[in-house]
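Heavy atoms only: backbone and side chains are in, while hydrogens, waters and symmetry mates are out. Start at 1 with the first residue, then count along the sequence.
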Amino acid sequence: MDLGTPAGRPTVTPSGDDGAMSTAIAPIEAGPALAGRAQSILAELAGTGATLRPDQLVAVEALVSRRARVLVVQRTGWGKSAVYWIATRLLRDAGAGPTLVVSPLLALMRDQVEAAARAGVVARTINSTNVDDWRAIESQLADGTVDVLLISPERLNNAGFRTNVLPRLTAAVGMLVVDEAHCISDWGHDFRPDYRRLVTVIDGLGPGVPVLATTATANERVTADVAAQLGAGTVTLRGPLDRESLGIGVVELPTGAERLAWLAEALTDETFTGGGSGIVYCLTVAEVERVAAWLQGQGVAARAYTGATEAAEREVVEADLKANRLRAVVATSALGMGYDKPDLAFVVHLGSPSSPIAYYQQVGRAGRAIATARAVLLPADEDRAIWAYFDSTAFPPREVVERVLTAVADRGPIRIPTLEGEVNLRRGRLEALLKVLDVEGAVEKVPAGWVGTGRRWTYDDERLARVAAARLAEQEAMVAYATTDGCRMAFLRRSLDDPEAAPCGRCDRCTGVPFDRQLPRVRVEAALAHLRSGDIVLEPRKQWARGVDGRKGTIPAGRRADHGRALALGADAGWGTEVAAALATDAPITDDVVAGLVAVLKRWSWAQRPTWVTWVPSRTHPHLVRSMAERIASVGTLELVHAVARVHDAAPPQARMQNATRQCANVTDAFTVVADRLPTGPALVVDDTSASGWTMTVVADALLAAGADAVLPLVLWRRP
């Protein structure tokens with residue numbers, strides 16, 4: 001693939017036996033002429049009223065005149081992307097090769113392509129959603145008709161891209177841009193292992209190729225780390241982080257129902273929304289879907305947006321929000337970095353992000369081009385549990401990593417399902433570990449699986465301990481933010497080491513005007529009913545885990561549980577408190593929880609109604625689970641049958657098993673059917689919890705093999 005420049009611009013010509021490109025770039029001297037040209041390009045990009053900021057010009061001059069490496073740390077809306085569009089245009093006009101932009105999100109890429117066009121820059125993107133266009137885009141790069149190629153950091157982890165495209169692109173690139181550069185640093189709030197490959201890309205750039213890294217969310221520690229990875233002599237431009245249009249506040253409410261009621265009241269109040277639209281952030285996918293449904297039911301034009309949302313639907317939601325056809329998008333952090341809606345009127349958080357830095361990044365979406373915008377945090381008691389879950393996905397302990405390295409070295413090429421049998425790690429965590437080890441050169445992915453490279457690799461206990469301590473400190477800082485008596489904006493700015501942090505005069509603490517509001521009782525009751533009305537479905541396992549003795553392949557339909565139900569999901573605001581209290585002891589089930597279970601059963605659209613009830617013998621809650629079966633049998637006038645017994649108690653608790661292979665193997669021989677006769681008709685099988693689903697899978701297999709007509713699982717709690 002040859003890379004060139006568009007017609008009418010100085011050409012980039014191949015040289016050398018390997019076909020690598022060399023560029024004859026016309027000198028670009030700093031001074032009034034360059035400043036005037038930069039200003040005119042900015043006017044094309046942002047309109048005639050736009051004025052080049054002093055640090056924007058400093059960055060552009062450093063990139064195009066000195067071919068420097070530049071780190072720009074400026075607040076959201078400052079105009080960081082304008083720097084690389086202006087620099088790209090100037091470099092391309094002088095004969096440089098195309099700019100390579102590494103950007104973390106599809107939403108950001110789409111906005112960047114549109115912005116580039118306004119600056120007279122032709123941009124294309126290679127990502128997972130446009131595979132059919134890749135060959136044509138590569139051809140356009142070769143023809144010189146593309147000025148900018150945007151890729152995700154994950155593209156750098158694609159072996160084909162690294163082998164076939166990246167070397168030629170790196171040899172010809174006119175400038176490298178690393179967007180959301182805090183992701184390079186494991187001190188940053190959104191560390192991504194694939195970004196680590198950028199250090200190798202940077203080291204492989206030709207002499208005189210400028211590099212620009214940008215971020216809005218980096219404290220001094222992250223800034224220093226990123227600058228060090230860019231290389232000696234990096235020019236760092238850091239500005240104040242105040243958001244003059246943004247009024248922020250915190251509303252503390254004791255229940256999830258009250259938080260939903262507050263949200264509905266606020267989003268139907270023009271004095272809060274200003275007639276505009278905004279984003280409601282939640283910490284989990286399940287919460288996003290539940291909150292979006294609540295708002296829709298309250299007459300608010302709202303849509304959900306998560307990492308699980310299809311790409312085409314994401315584009316529709318983004319466009320509808322941008323055009324104010326929606327009052328709100330309810331989202332996870334998947335809608336965040338780089339999303340560009342200058343008139344976003346509000347950001348509400350139901351639940352706290354785990355760090356002030358992440359929170360600042362998300363509220364920074366609002367008020368970029370309007371005089372007044374609002375950002376309100378509604379913290380929840382369950383926030384800490386959610387933070388703890390995400391903490392559990394951190395880098396594994398030394399002994400686990402060494403076990404992975406040994407397995408890969410001794411048995412490679414080895415595939416992940418086989419590795420799961422060797423190492424007690426969840427698949428997602430194992431994949432993330434292998435990605436880090438791959439980036440750091442200890443392992444390598446080949447077509448047949450993973451192999452060791454033989455390179456020396458050392459587990460850095462000290463660094464990982466520092467990172468873990470920093471994460472914990474950030475969580476405590478978020479708790480302190482919610483309760484501070486001082487200016488909230490100043491608190492956030494100090495968290496990002498802004499030396500100019502000062503009282504903003506706009507937040508609820510500075511003004512003395514809280515964001516509290518009267519909550520009609522009928523709205524709160526409706527919110528609680530909504531929280532308790534959603535069906536939490538238990539999906540049956542359809543395949544046996546690989547590597548488990550005696551269990552292989554597809555689970556036949558006749559030996560598989562039906563779809564089941566759970567009363568509570570994680571620490572949800574519907575039944576979470578009551579279920580947590582029930583699981584804290586082994587007391588008989590309470591009347592309130594029974595009522596909740598009966599409501600679940602009434603909503604269940606049975607293909608066949610159960611005729612009898614049994615239970616899974618529990619090691620931790622034997623009395624609770626049996627009483628649950630007894631009460632449901634009594635209420636539903638169903639036959640109660642002691643059908644299943646635990647064969648042994650020697651296996652470790654299932655909660656300690658981290659992946660499918662270990663979870664399945666741990667319960668494969670743990671239960672047996674003890675009833676002499678199973679009643680006719682489907683069985684309702686109750687249990688306390690469902691984490692992996694393997695216990696119910698094994699019990700259902702045994703019951704169906706013994707003659708049960710169907711197995712309908714019902715549990716108190718399902719792990720998210």
- Apply salt bridge (Lys or Arg N to Asp or Glu O under 4.0 Å) to E61 and R66, showing your working. CA-CA 7 Å; E61 288 180 337; R66 293 190 283 126; over 6 Å; no

- Task: Take E476 and R384 through the salt bridge (Lys or Arg N to Asp or Glu O under 4.0 Å) test and state the conclusion after the steps.
- Result: CA-CA 10 Å; E476 294 305 321; R384 285 187 181 274; 3.0 Å; yes

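- Residues K80 and D179 are not in side-chain contact: their nearest non-hydrogen atoms beyond the backbone lie 4.5 Å or more apart.
- Only one option out of Q663, R426, R427 pairs with Q658 in a side-chain hydrogen bond (donor to acceptor under 3.5 Å, both in side chains); it is R426.
- The main-chain N or O of T306 is found under 3.5 Å from a side-chain atom of R314 such that the two form a donor-acceptor pair.
- Between the side chain of R546 and the main chain of E420, no donor-acceptor pair closer than 3.5 Å is present.
- A donor-acceptor contact shorter than 3.5 Å links the side chain of T234 to the backbone of G231.
- Panel note: side chain R365, backbone P342; no donor-acceptor pair is recorded below 3.5 Å.
- A 4.5 Å side-chain heavy-atom check between V177 and V102 finds every atom pair outside the cut-off.
- Under a 4.0 Å N-O distance rule, the pair R403/E422 does not qualify as a salt bridge.
- The shortest side-chain heavy-atom distance between Y195 and V439 does not fall under the 4.5 Å cut-off.
- Looking at heavy atoms from C-beta onward, I416 lies in side-chain contact with L430 at the 4.5 angstrom threshold.
- Within 6.0 Å of the CD atom in E310, the count of heavy atoms belonging to other residues, nucleotides or ligands does not exceed 12.
- Two residues are said to be in side-chain contact when any heavy atoms from C-beta on lie closer than 4.5 Å; M478 and L377 meet this criterion.
- Using a cut-off of 4.0 Å between Lys/Arg side-chain N and Asp/Glu carboxylate O, D498 and R75 are scored as not salt-bridged.
- Looking at Y305 and E318, their side chains do bring a donor and an acceptor atom within 3.5 Å of each other.
- No more than 12 heavy-atom neighbours from other residues, nucleotides or ligands sit within 6.0 angstrom of CZ on R656.
- No side-chain heavy atom of D383 sits less than 4.5 Å from a side-chain heavy atom of V479.
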